[in-house]
Amino acid sequence: MASLLTTFFLFQLFAISVFTSPDDRGGALSPGPVAGGSAAPGPDVAAAPGLGDSNTHGESDYAKPEIETNYKGAWAIDNPNVGVCAMQLQLMPNDQVIWYDAISLGPSARKLEPEGNCPINPDANNKSDCWAHALAYDWKTSKSRTVKLRGEPWCSSGNLWPNGSMVATGGTLSGVKAVRMMPMDDLRADFSEKRDALGDFRWYSSNQILEDGTAIVVGGREAFSYEIVPPSLEFQPKKIDLPFLKETCTPAKGPNMYIENNLYPFLFLLTDGNVFLFANNRAITLNPTSGKIIQEHPVCPGGSRNYPPSGNSAILPLKISSDNTRALNVEIVICGGNKPDAFEKVDVKHVTDKGKEFVPALKDCHRIHPMDIDAQWENEQDMPSSRIMGDLLHLPTGDLLMINGAQKGTSGWENAIEPNFTPLLYQPFKPMGSRFTEMNPTNISRMYHSSSALLPDTKVLVAGSNPHQFYTFNAMFPTELRVEKFSPHYLDSKLDIQRPVINEKGTDKVLKYGKPFKIAASLQSKKPLVLGEVKVTMLYPPFTTHGFSQNQRMIVPTLTDVADNVITALAPPSGKFAPPGYYILFVNYLGVPGTGIWVHID
């Protein structure tokens, strides 16, 4: 049987080489956009399963139907009181989840450890501060330790360095130009900080890892610029003006009466090395090195999508072609947000408490292939419910999960009501009308300043929510210190016998661009793995805050062989496809994922 599938696979490769144009969507090595259009995002009819490069819209990655389940997931409390709210969150390759809150807005609910550890807080009138504002959370044990943090990181941005260390950039007050680093190789470390390291004020900015491991840091309040930050605390800052950010900023209506609608812009590295940048309702493709705008995209209809209306966005999984030279589908989705005037109708800087109007959030979604020369926004299926401030996370299967958020209002203190308790499974390549599935709801509000992360065990960690200036527990939507884990549909216990298990000793963990690598895996059912029934995915773990998972990226590498339960795959061809660093590698069997492992690529 295995030999027959291998023959079938080789026949498809031959057919692809003969009949597939090198200019198909997602051509990765071209210097700019390529020709090609589409009538609708993804197929509108069920596609026959196949293995070949004809899968430019992400049709089935398997040679037979996926295993189905009616299970809608389950919630569990992972920690009943962790003491610090998760405004910003990053999963690290040492299996610590780092999260932190503001340090200038009073006490948290947990003191720094050990007792009596009370450093001077420059953002609290230089007084001693005994309260913890950051944590390192061990997702395997549910235990945590406090982390010392200086230089206000409130509404900052971040990413991982190629060596796995975490960096946080910007914030406000003394931290507005700061860079902070948490090393991967020291499980007891605090943040190291360098103040005034950045070239501009980076409050509400976004980061995106580039092909060489540097990061582009874009925007911020009254920061109409970007800069490239290397994986180091020692560098010369250099900001590059970007008028596009001022053009997309809704003007203030008076002193401190900001509206903006373009903070925390959506950034995605394209497979030609350029960056897709979305702010408010407009998008460009930017050459990060030269600062040249390669392409201006049409206005995205419907409303404003960035902070404070705070929709969500992701680049869809990048499936690599069989010749390992290009991605078959480079596509971005944006969902939710609110009307351009929603913030000024609800925020106390613009209206009184009695005059607040909580505008219903948007339900619409739109998709674009930004590397097409004639790229247009295409209407995606509407979500079943309105959503702002939700996270959009990749799952190991190649599907996505919308989680957290509210249904009315905007980001900001006490600016939203009607929590959206129901996660949505988003399957972007199913027929139109079948792409969203409501999962089992939580009963905990996760609104402003909440966050989440996919874990290597395929569960989703959910933490935070503090829609108030200070920690407040006697309110309709209190400061939330419980940590939850959500088990998605694929963790149905009935599927366990079909769940792949990776043998780490037989698996390559250090990958080199363009080179083959081995994954040893088996099914609990003892059935042998065969080509056409397995799929490998690689997730770059994002820095998540304010509804945007910065740097998030899912790679689907091409598989060349499966023999004796050893999968041979090709590492992505360059950092344009997969920036250097650590990824979680998963093996899926007909849509059922197993626990992932950390691998490194460069």
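FYI, side chains are in, hydrogens and waters are out, and symmetry mates aren't considered; it's all heavy atoms of this structure.
- Proximity of K485 to V462: side-chain heavy atoms (C-beta onward) are nowhere separated by under 4.5 Å.
- In summary, the side chains of S451 and T544 do not present any donor paired with an acceptor at a separation below 3.5 Å, with no hydrogens or angles considered.
- For K339, the NZ atom is loosely surrounded, since the number of other residues' heavy atoms within 6.0 Å does not exceed 12.
- I320 is listed as a side-chain neighbour of P573, based on a closest heavy-atom distance under 4.5 Å.
- Counting only heavy atoms from C-beta outward, the side chains of M383 and C335 approach each other to under 4.5 Å.
- Between L270 and T285, some side-chain heavy-atom pair lies under the 4.5 Å cut-off.
- Nearest approach of P419 to Q407, heavy atoms of both residues: O-NE2, 3.5 Å.
- Proximity of a side-chain donor or acceptor of E480 to a complementary backbone N or O of S450 within less than 3.5 Å is not detected.
- Inspection of the S385 and N420 side chains reveals an N or O donor paired with an N or O acceptor under 3.5 Å.
- Counting heavy atoms from C-beta on, the side chains of F586 and V536 never come closer than 4.5 Å.
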Can R305 and D364 be said to form a salt bridge (charged side-chain N to carboxylate O under 4.0 Å, His left out), step by step?
-> CA-CA 11 Å; R305 310 291 176 170; D364 62 329; 2.8 Å; yes

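- The minimum heavy-atom distance between S452 and D391, with the atom names listed, is OG-OD2, 2.6 Å.
- Between N440 and P423, every side-chain heavy-atom pair lies at or beyond the 4.5 Å cut-off.
- Checked by atom type and distance alone, the side chain of Q295 never pairs as donor or acceptor with a backbone atom of I284 at under 3.5 Å.
- Using a cutoff of 4.0 Å between basic side-chain nitrogens and carboxylate oxygens, D382 and K363 are not scored as salt-bridged.
- Look at R435 and E380 and you find a salt bridge, because one of the NZ, NE, NH1 or NH2 atoms lies within 4.0 Å of a carboxylate O, short of that distance.
- The backbone N or O of A361 lies less than 3.5 Å from a partner atom in the side chain of S386, making a donor-acceptor pair.
- Remark: I315 CD1 to L392 CG distance equals 12.0 Å, nearest 0.5 Å.
- Formation of a donor-acceptor pair under 3.5 Å by the N306 side chain with backbone atoms of N280 is found in this model.
- Between H600 and Y582, the ring planes are perpendicular. Angles over 60° get that label, and only those under 30° would be called parallel.
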Given W99 and Y137, is the ring pair (Phe, Tyr, Trp, His ring centres under 6.0 Å) satisfied, shown in steps?
-> CA-CA 8 Å; W99 69 69; Y137 189 87; 5.1 Å; yes

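- Using a 4.5 Å heavy-atom cutoff, the side chains of S156 and W203 are not in contact.
- Side-chain atoms of F543 and S549, non-hydrogen and from C-beta on, never get closer than 4.5 Å to each other.
- Classification of E331 and R367 as a salt-bridged pair holds, one side-chain N sitting under 4.0 Å from a carboxylate O.
- Remark: the backbone N or O of L491 is not paired with any side-chain donor or acceptor of S487 at under 3.5 angstrom.
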Does the side-chain hydrogen bond (donor to acceptor under 3.5 Å, both in side chains) test come out yes or no for S322 and T558, once each step is laid out?
-> CA-CA 6 Å; S322 59; T558 192; 5.5 Å; no

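- Heavy-atom minimum distance, G291 versus L286: O-CD1, 3.5 Å.
- Between the side chain of Y226 and the backbone N or O of P288 there is at least one donor-acceptor pair closer than 3.5 Å.
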Please report the C-alpha distance between R387 and T422 in whole Å, then the side-chain angles of each, then the deciding distance to 0.1 Å, and finally whether the side-chain hydrogen bond (donor to acceptor under 3.5 Å, both in side chains) criterion is met.
-> CA-CA 10 Å; R387 196 179 300 257; T422 305; over 6 Å; no

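- Interatomic distance, Y204 OH to C155 SG, rounded to the nearest 0.5 Å: 4.0 Å.
- Within the 3.5 Å criterion, the main-chain N or O of T410 finds no donor-acceptor partner in the side chain of Y307.
- Using a distance-only test at 3.5 Å, with no hydrogens or angles considered, no donor-acceptor pair links the side chain of R221 to the main chain of L263.
- Of the possible donor and acceptor atoms, none in the side chain of N466 sits under 3.5 Å from a partner among the backbone N and O of C85.
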What's the verdict on side-chain hydrogen bond (donor to acceptor under 3.5 Å, both in side chains) for T250 and N261, showing C-alpha distance, side-chain angles and the deciding distance?
-> CA-CA 6 Å; T250 304; N261 290 337; 3.2 Å; yes

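- Listed here is the closest heavy atom pair of M439 and L425: CE-CB, 4.0 Å.
- Residue L245 comes nearest to A223 through the heavy atom pair CD1-O, 3.9 Å, listed as atom of the first residue, atom of the second, then distance.
- Exactly one residue among D457, I502, V587 makes a side-chain contact (heavy atoms from CB on, under 4.5 Å) with T595. That residue is D457.
- Under 3.5 Å, the side chains of S157 and S205 contain a donor-acceptor pair of N or O atoms.
- Between R499 and D492 there is no salt bridge, since no side-chain nitrogen of the basic residue lies less than 4.0 Å from a carboxylate oxygen of the acidic one.
- When all heavy atoms of M92 and S165 are compared, the closest pair comes out as CE-CA, 4.2 Å.
- Salt-bridge formation is not detected for the pair D272/K576: no Lys NZ or Arg NE/NH1/NH2 atom is positioned less than 4.0 Å from an Asp or Glu carboxylate oxygen.
- A distance of 13.0 Å separates CG in L401 from OH in Y426, rounded to the nearest 0.5 Å.
- W598 and D95 form a side-chain donor-acceptor contact under 3.5 Å, judged by distance and modelled atom types alone.
- In this structure a side-chain-to-backbone donor-acceptor pair under 3.5 Å is missing from E438 to L424.
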Does the side chain to side chain contact (heavy atoms under 4.5 Å, CB included) test come out yes or no for Q90 and L160, once each step is laid out?
-> CA-CA 8 Å; Q90 174 73 63; L160 293 178; 3.7 Å; yes

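- Under the 30°/60° scheme for interplanar angles, the aromatic rings of F486 and W75 are found to be tilted.
- Taking NE2 from H449 and CE from M87, the interatomic distance works out to 4.0 Å, rounded to the nearest 0.5 Å.
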Please step through ring pair (Phe, Tyr, Trp, His ring centres under 6.0 Å) for the pair Y540 and Y583, ending with a clear verdict.
-> CA-CA 5 Å; Y540 188 100; Y583 291 71; 5.4 Å; yes

Could you walk me through whether H297 and F278 pass the ring pair (Phe, Tyr, Trp, His ring centres under 6.0 Å) check?
-> CA-CA 9 Å; H297 300 289; F278 185 98; 9.7 Å; no

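- Using modelled atom types and a 3.5 Å distance limit, the side chains of E484 and T442 yield a donor-acceptor pair.
- Looking only at atom types and distance, the side chain of N159 has no donor-acceptor partner in the side chain of N551 under 3.5 Å away.
- Atom CG in L395 sits 9.5 Å away from atom CD in Q427 (nearest 0.5 Å).
- Rounded to the nearest 0.5 Å, atoms CG (N312) and CZ (F266) are 6.5 Å apart.
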Residue pair L461, V483: steps toward the side chain to side chain contact (heavy atoms under 4.5 Å, CB included) verdict = CA-CA 7 Å; L461 185 79; V483 179; 3.5 Å; yes

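- Checked by atom type, the side-chain pair N329/H369 shows a donor-acceptor distance below 3.5 Å.
- The neighbour count for E296 CD, taken as heavy atoms of other residues, nucleotides or ligands under 6.0 Å away, does not exceed 12.
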